[in-house]
Structures are given as C-alpha cells and as structure tokens.
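Remarks on the structure that follows.
Here is the naming used below: chain letters follow the sequence lines, and residue numbers restart at 1 for every chain. Predicted model, so just to flag it, every value in this text is computed and none were measured.
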Number of protein chains: 2
Amino acid sequence: MAAWVRLLRGHAALRRLMSARLQADHGLTVSEYEALLLLDEADGARLRGVDLAAGLVLTPSGVTRLLDRLGKLGFVRRESCQGDARVSYAVLLDAGRQRLAQAACGHVAAIRAVFGERYTDTELGQLAELLGRLPGASTGASACAGDAG
Amino acid sequence: MAAWVRLLRGHAALRRLMSARLQADHGLTVSEYEALLLLDEADGARLRGVDLAAGLVLTPSGVTRLLDRLGKLGFVRRESCQGDARVSYAVLLDAGRQRLAQAACGHVAAIRAVFGERYTDTELGQLAELLGRLPGASTGASACAGDAG
DNA sequence: GCTATATTGTTGACGACTCAAGTATATCCA
DNA sequence: TGGATATACTTGAGTCGTCAACAATATAGC
C-alpha cells in the first residue's frame, strides 16, 4: 500500500517539477517531450498512432490530440500508410528534432539531479528494475534505449 | 533516466487501472478516495485545505475544486476555523466515511493484487522505501499509517 | 500601533486528457 | 465471396487539474 501511495505522490511532485521547467524553458509538456523522444528513437523517425499510444500509455484520442498540438507547432507531420489505409503515421520533422535536442540537455540534467541527490547508482538501478515490472512501464518502444529521458 | 520514464509509464498504467475500478464500483476518482482517506486518518477527521494540498500533492485551487465535488456528494463539509479566519477546514461526514469504507476493501485488494503478483514482500518494501525518498512522497499526513490505500 | 510581507483560500480561463460514439479499413472464416 | 469481427483513428462533450489574479486574514519588524 505504501508503495502505491508513494508512487502517486512522488509522480505528482516530480512531474510538476519537470513540467514547470520544460514548459518555461522550451514550451513543451512532458508528454510532448516524450512523444518527440519516442519518434526520434523510432525507425525512420515515424510511428503509428497506436504505437505511440502504447509507448506513452495514452488513449488513442489522447494521441490524436497530442499529435494535433505537435503538428501545429510544426514538429510532426501526419502521413498515411500505403498498405494499411487505417493508420496514420506521425513523422518527426527537423523542427521537432531540433526542439527535442534543445530541450534534452537541460531536461536530462534536471532528472539526473533529482534522482542523483536521492539515490546511489545501485539504488537507481534497483528502482528502475522494480518500476520496470509495472504494467505499461516496459512497453514496446524501449523508452530507455537512447538514454535521453 | 530509465527510472523516470518507468515511473511515468507505470504511474499512468496503474492509475488508469485503479481509476477505472474505483469509478465503476464506487463513483470515486483516485484523488477523491485519497482525500477521504487522509481525512479519515486525520485528527478529528478534519484537515485544512493547505494540508490536504501538501498531502495529496495538489495545488490550492485543485483542493478547492476537489472539496467542492466531495461537498456536493455530501461526503465532506467545510468549516471555518476560529482563531484563524483564513482557513477553512474540510470535515469528513458519515456519508463520506461510509463510502470510503465501501470502497476501501476492493480498492486495497486490487492494489495488493497488482503489486503482489509482481514483487516479493521484500521487494515491495524496497520499492516503497525508495519511492519514499522522492519529493512529495513522504509529506506530512503519513499516508501509510492506516495502511488502507 | 502600523505598515510590509506571508499565508490561506477562491475564482475565471484554459489545457490535457478521457469516454462514448462513430467512420473507415482490414482480417477471419464459413 | 461476403458478412462478422477486429483494428486504427477521429470527434464532441465532459472532467480534473493548472495558472494567474485576487481577496482576506495573519504575522513580523520598526
């Protein structure tokens, strides 16, 4: 029970922290940043909506809305898929890649700071391993590969 | 980095799960449940708004809105504080306590199930301890004392 | 005592997400 | 081959929470 409550509180506090920084410095929400990151790591810098949904743990409509925003910002383009007319790819554009690059440095540093001052490297590994067993935490698009946030 | 991303994903997935159950079975959001729980554990079943904000990791306005909802449901009453006219207490009413009691059993069982099938008792203790070091995760109103969720 | 600052709470406007419902396409199988 | 089911996505309406601005009260310092 303690673990669940602390997961809730810790997530809320940390997300507020990261969100404020990211928004103030780069005009991005956490979800937008994460989406850009997943796209950047993806093969051909493109992902189906459904895969983004799984990777980000959002509903399909949440992804539609997120991509609308990133589209308006000029960070992402929609592209239809020949071979399956149902899917609409999200493709990372240069502007998106650039914004991601700008944001990544400070964002990653902030994350490292928060965790670094609370855990040893061993503990951080333990924590990551334990959290990785939660549903959604290990979904497809390996969100840790690039090690960028 | 992995820890942060997995915290995000794990939280999203777990919260969606718990939220769906709680909403379907008892018409409560996770925040509403947690608020009732904190009130129930509090001295005199009452808490200042600012303390709820700290305990739940919400903003003051978030708490105002949360208490508006709980008020309309008849679960909570507002009460002014003699001695400090700024504060407005939230007081748990019987209906609120009853709803909490109804919800607690299934909710706690669901949480135990999700965690129990993924971690040993030792690991669960580790996880809780590690998460407890995060900001917000250890705030005031000891959210683990009652061990109810 | 009285002003400057801090604390507590509320409100309006808005953002990000969800759900339910709907459209369009693909796949399965009798 | 063709009808039932599953998959991918979008849309309208609604919810939960935020921020910025504000009002009211309390506290501290001179």
Side-chain angles (χ1 to χ4, degrees), chain A residues 8-9 11-24 27-35 46-73 76 78-91 136 140, chain B residues 8-9 11-24 27-35 46-73 76 78-91 136 140:
Chain A
L8 286 178
R9 309 284 191 266
H11 169 268
L14 240 51
R15 188 173 187 120
R16 182 179 297 173
L17 213 68
M18 297 304 153
S19 180
R21 240 196 105 95
L22 215 42
Q23 190 71 59
L28 290 174
T29 64
V30 171
S31 291
E32 286 160 3
Y33 177 91
E34 294 291 325
R46 81 186 49 218
L47 241 27
R48 299 184 305 159
V50 70
D51 296 325
L52 269 173
L56 297 171
V57 191
L58 286 180
T59 60
S61 58
V63 170
T64 295
R65 259 114 206 187
L66 174 55
L67 292 176
D68 282 352
R69 274 179 280 146
L70 290 175
K72 272 185 196 156
L73 291 169
V76 149
R78 311 307 300 268
E79 189 171 296
S80 60
C81 167
Q82 59 177 60
D84 191 338
R86 288 171 306 178
V87 344
S88 143
Y89 281 108
V91 186
Chain B
L8 285 177
R9 309 284 191 265
H11 170 268
L14 239 52
R15 186 172 189 123
R16 183 178 298 172
L17 212 68
M18 296 306 153
S19 180
R21 240 196 106 96
L22 214 42
Q23 190 70 57
L28 289 174
T29 64
V30 171
S31 291
E32 285 159 5
Y33 177 91
E34 293 290 326
R46 79 187 49 217
L47 240 28
R48 299 184 305 158
V50 70
D51 295 325
L52 269 173
L56 297 170
V57 191
L58 285 181
T59 59
S61 57
V63 170
T64 295
R65 264 128 199 173
L66 174 55
L67 291 176
D68 283 351
R69 274 178 281 150
L70 290 175
K72 271 186 196 153
L73 290 168
V76 149
R78 310 306 302 268
E79 188 171 296
S80 59
C81 167
Q82 61 178 60
D84 190 339
R86 290 170 305 177
V87 342
S88 144
Y89 281 109
V91 187

Subject >> d(CG, A:Leu70; P, C:dA16) in whole Å >> reply: 10 Å
Original post:
Are the side chain of B:Arg86 and the backbone N or O of B:Cys81 linked by a donor-acceptor pair below 3.5 Å?
Top reply: no
**OP:** Find the distance A:Tyr33:OH to C:dA16:P and express it as a whole number of Å.
**Re:** 18 Å
**OP:** Look at the side chain of A:Pro60 and decide which nucleotide, out of D:dC9, C:dA26, C:dT8, has an atom nearest to it.
**Re:** D:dC9
Original post:
Could you go step by step and tell me if B:Arg78 and B:Val91 meet the side chain to side chain contact (heavy atoms under 4.5 Å, CB included) rule?
Top reply: CA-CA 6 Å; B:Arg78 310 306 302 268; B:Val91 187; over 6 Å; no
**OP:** With the side chain counted from C-beta on, respond yes when B:Gln23 and B:Leu28 share a heavy-atom pair under 4.5 Å apart, and no when they do not.
**Re:** no
Original post:
Does the pair B:Asp51/B:Arg48 count as a salt bridge with the N-to-O cut at 4.0 Å?
Top reply: yes
Original post:
So, do A:Thr29 and A:Arg69 sit near enough that their side-chain heavy atoms are less than 4.5 Å apart?
Top reply: yes
Original post:
How many Å lie between CG on A:Leu66 and C1' on C:dC17, as a whole number?
Top reply: 10 Å
Subject >> Nearest-Å distance for atom pair CG/P, residues B:Leu56 and D:dC16 >> reply: 14 Å
Original post:
NA contact type, B:Ser88, heavy-atom cut-off 4.0 Å: base, sugar-phosphate, or nothing?
Top reply: sugar-phosphate
**OP:** Provide, to the nearest angstrom, the distance between the CG atom belonging to B:Leu28 and the C1' atom belonging to D:dC16.
**Re:** 14 Å
**OP:** Measure from the side-chain heavy atoms of B:Ser31 and tell me the nearest of C:dA26, C:dG9, D:dG17.
**Re:** D:dG17
Original post:
Want to settle it: does A:Leu58 or B:Tyr89 sit nearer the 5' end of DNA chain C, counting the closest nucleotide to each?
Top reply: B:Tyr89
Subject >> Base of D:dC19 paired with side chain of B:Thr59 (donor-acceptor, under 3.5 Å) >> reply: no
**OP:** On DNA chain D, check which nucleotide each of B:Gln23 and A:Ala20 is closest to and give me the residue with the more 5' one.
**Re:** B:Gln23
Original post:
Considering only D:dA24, C:dA16, D:dT18, which nucleotide approaches the side chain of A:Thr29 most closely?
Top reply: C:dA16
Original post:
Quick one: the side chain of B:Arg65 and the base of D:dT18, do they pair up donor-acceptor inside 3.5 Å?
Top reply: yes
Original post:
Rounded to the nearest Å, what distance is computed from the CZ atom of residue B:Arg86 to the P atom of nucleotide C:dT5?
Top reply: 17 Å
Original post:
What is the nucleic acid contact for A:Gly62, judged by heavy atoms within less than 4.0 Å: base, sugar-phosphate only, or nothing?
Top reply: base
Original post:
Can you find a donor-acceptor N/O pair under 3.5 angstrom joining the side chain of B:Arg48 to the base of C:dT7?
Top reply: no
Original post:
Considering all heavy atoms of both residues, which atom of A:Gly49 and which atom of A:Val63 are nearest to each other, and what is their separation?
Top reply: O-CG1, 3.9 Å
**OP:** Mind calculating the distance between CG (A:Asp84) and P (D:dC9) to the nearest angstrom?
**Re:** 8 Å
Original post:
Hey, is the side chain of B:Arg15 pairing donor to acceptor with the base of D:dG17 inside 3.5 Å?
Top reply: no
**OP:** Could you please name the option among C:dA26, D:dT10, D:dA26 that lies closest to any side-chain atom of A:Ala85?
**Re:** C:dA26
**OP:** Could you tell me whether the side chain of B:Ser61 has a donor or acceptor atom within less than 3.5 Å of a complementary atom in the base of D:dC19?
**Re:** yes
Subject >> Whole-Å gap separating C1' (D:dT10) and CG (A:Leu67) >> reply: 12 Å
Original post:
Does C:dC17 have OP1 or OP2 sitting under 4.0 Å from an N or O in the side chain of A:Arg69?
Top reply: yes
